[in-house]
Structures are given as C-alpha cells and as structure tokens.
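Worksheet for the structure shown next.
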Amino acid sequence: YEDLLSDIIEDKPDAAMFLGNTISHNPYNFEEIIKKTAEVLPENGIMIFQIENFEKVFKEQNGLLEFNRVKADYETSPFVEHIFVEYLDPSRDRGKTILKTFAIFDFDGKRWKFYGLRNTLFAYVTKEKIEKVLKANGYKDVSFYGSSFDGRKWDYLFREPFKPLESDWLNVVARR
C-alpha cells in the first residue's frame, strides 16, 4: 500500500476504499497507511473501510469465526469429508494485534487426520481505534454502519447502524 500510495500522489483520487478487512491485514502499519492515504486525497476526499467486527467475534462467538464440514467433491480424492475451522486468539500485545488461525482436517472414511494449520497476524482494529486515527488525520465526519457476512445483502453496507455485538462488519465512511 505504501508503495502504491507514493506512485499516485500526482493523480489525487477523490476516494480510497479498503474493503474486505483489508486494513486489518496490515498489523504493523495500518495507521501509517491511513495517514499516507489522507495525504494523497484532496481536502474533500473520502475514505471507506469494511472491517471485521472483532468485538462480536470475541464476546459473542468465543473467538470462533467459522466451522464448516463439507463433503469432498472430487473423484480422485482419498478423502470423504473436510473440516475447516477459523478462529481468532485475543490480543497478547495490549490490543495491537490478534492472531487468526485456519485449521483443516480430512476424513478418509475411517479416521479424521490433521491436514494443516495456517496463522495470520491482523491489526486489532476497533471502532474507537479507527475513529481516533481518522480524526488525527483531518477527518471530521466519520460515520459507522453495520452489515452481515451472508453475502446476499452487499448493498446494505451503509444502511444499518453498527451494533457492536450483532454486526459482522464495521463499515466506516470518513469525510473531511
């Protein structure tokens, strides 16, 4: 992001969008990315964010994001089923980052076997944190909306109020 931002300084886009939890994928520099984006945008620029609602995941789901059990749908596989588990570990560095883990198990018809595990570090972005960073970078009008993961209502990203214990997404619109 930082390299891209330095390349577009002359073009001055009117808006910047960080959808699909993109900003959280930058655990150590998301604040710097917001700052540099604010410098690139014109005075009336707008930033839009879609951030996973980590508060709901921790308080209402005990860290569990997904648990899916699916049939293997290909003939050459030695496996009958797969289980996919995604979960978040609480922050262990005073609210800066959280760890997302994705685990896979395979069933061959007789026994479950562990297939693999992958971890990804995320910035622990909350409503309060993103608002503070945006205001520090000159954004006076910051609005928050909530939406769900269901994928059928993408046009509702900016219609419903953000509810910390109900919304799957924290959607943010920031105007100067």
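If you read the sequence from its start, that first residue is 1, and numbering goes on from there. Just so you know, these numbers come straight off a predicted model, no measurement behind them.
- Under a cut-off of 6.0 angstrom, the local environment of CD in Glu81 is crowded, with over 12 non-hydrogen atoms contributed by other residues, nucleotides or ligands.
- When all heavy atoms are compared, the tightest approach of Leu64 to Glu66 is CD1-O, 3.6 Å.
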**OP:** Begin with the C-alpha distance, continue with both residues' side-chain angles, and end with the deciding distance and a verdict on side-chain contact (heavy atoms from CB on, under 4.5 Å) for Glu52 and Phe149.
**Re:** CA-CA 9 Å; Glu52 193 165 344; Phe149 276 137; 3.9 Å; yes
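- Under a 4.5 Å side-chain heavy-atom cut-off, the cluster of Ile, Leu, Val, Met, Phe, Trp and Tyr residues that includes Leu165 has no other member.
- Residue Lys132 holds its NZ atom at 8.0 Å from CD of Glu31, rounded to the nearest 0.5 Å.
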**OP:** Go through the steps for Val133 and Tyr139 under the test side-chain contact (heavy atoms from CB on, under 4.5 Å), then give the verdict.
**Re:** CA-CA 9 Å; Val133 173; Tyr139 289 85; over 6 Å; no
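- Asn119 and Thr101 share a donor-acceptor pair across their side chains, judged by distance under 3.5 Å alone.
- Taking the side chain as every heavy atom from C-beta outward, Phe49 and Leu170 never approach each other to under 4.5 Å.
- Between Asn171 and Phe162 the shortest side-chain heavy-atom distance does not fall below 4.5 Å.
- Remark: Ile23 CD1 to Ile51 CD1 distance equals 7.5 Å, nearest 0.5 Å.
- For Ser91, the side chain to side chain donor-acceptor pair (under 3.5 Å) partners at least two apart in sequence or on another chain are Asp93.
- Annotation: the span from Asp89 atom CG to Thr97 atom OG1 amounts to 10.5 Å, rounded to 0.5 Å.
- Looking only at distances, no side-chain donor or acceptor of Arg92 sits under 3.5 Å from a matching main-chain atom of Leu99.
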**OP:** Give the intermediate values and the outcome of side-chain contact (heavy atoms from CB on, under 4.5 Å) for residues Phe18 and Ile34.
**Re:** CA-CA 10 Å; Phe18 298 89; Ile34 292 172; 5.6 Å; no
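- Under the 3.5 Å distance criterion, the side-chain polar atoms of Thr126 are matched with a main-chain donor or acceptor of Lys129.
- In terms of heavy atoms, Phe54 sits closest to Ser24 at CE1-OG, 3.7 Å.
- When all heavy atoms of Ser167 and Pro161 are compared, the pair lying nearest together is OG-O, 4.0 Å.
- Nearest heavy-atom pair, Asn53 versus Pro164, reported as atom, atom and distance to 0.1 Å: ND2-O, 2.9 Å.
- A heavy-atom distance below 4.5 Å is found between the side chains of Val172 and Leu134.
- For the pair Asp108 and Pro78, the minimum side-chain heavy-atom distance is 4.5 Å or more.
- A heavy-atom distance below 4.5 Å is found between the side chains of Tyr28 and Leu121.
- The side-chain heavy atoms of Ile46 and Leu41, taken from C-beta on, include no pair separated by under 4.5 Å.
- Not counting sequence neighbours, the partners of Phe114 by the ring pair (Phe, Tyr, Trp, His ring centres under 6.0 Å) test are Phe105.
- Separating the CZ atom in Phe84 from the CG atom in Asp106 is a distance of 7.5 Å, to the nearest 0.5 Å.
- Residues passing the ring pair (Phe, Tyr, Trp, His ring centres under 6.0 Å) test with Tyr87: none are found, sequence neighbours excluded.
- Aromatic ring pairs are classed by plane angle as parallel below 30°, tilted from 30° to 60° and perpendicular above 60°; the pair His25 and Phe122 is tilted.
- Looking at heavy atoms from C-beta onward, Thr37 lies out of side-chain contact with Asn137 at the 4.5 angstrom threshold.
- Phe107 meets the ring pair (Phe, Tyr, Trp, His ring centres under 6.0 Å) test with Trp112; sequence neighbours excluded.
- Under the 4.5 Å side-chain heavy-atom criterion for ILVMFWY residues, no single connected hydrophobic cluster contains both Ile104 and Phe79.
- Around atom NZ of Lys56, more than 12 heavy atoms belonging to other residues, nucleotides or ligands sit under 6.0 Å away.
- Here Lys100 pairs with Glu86 under the side chain to side chain donor-acceptor pair (under 3.5 Å) rule; sequence neighbours left out.
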**OP:** Would you sort out whether Ser147 and Tyr145 count as a side-chain contact (heavy atoms from CB on, under 4.5 Å), showing the intermediate values?
**Re:** CA-CA 7 Å; Ser147 60; Tyr145 304 91; over 6 Å; no
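- Hydrophobic clustering, with ILVMFWY side chains joined whenever heavy atoms are under 4.5 angstrom apart, groups Met47 together with Val142.
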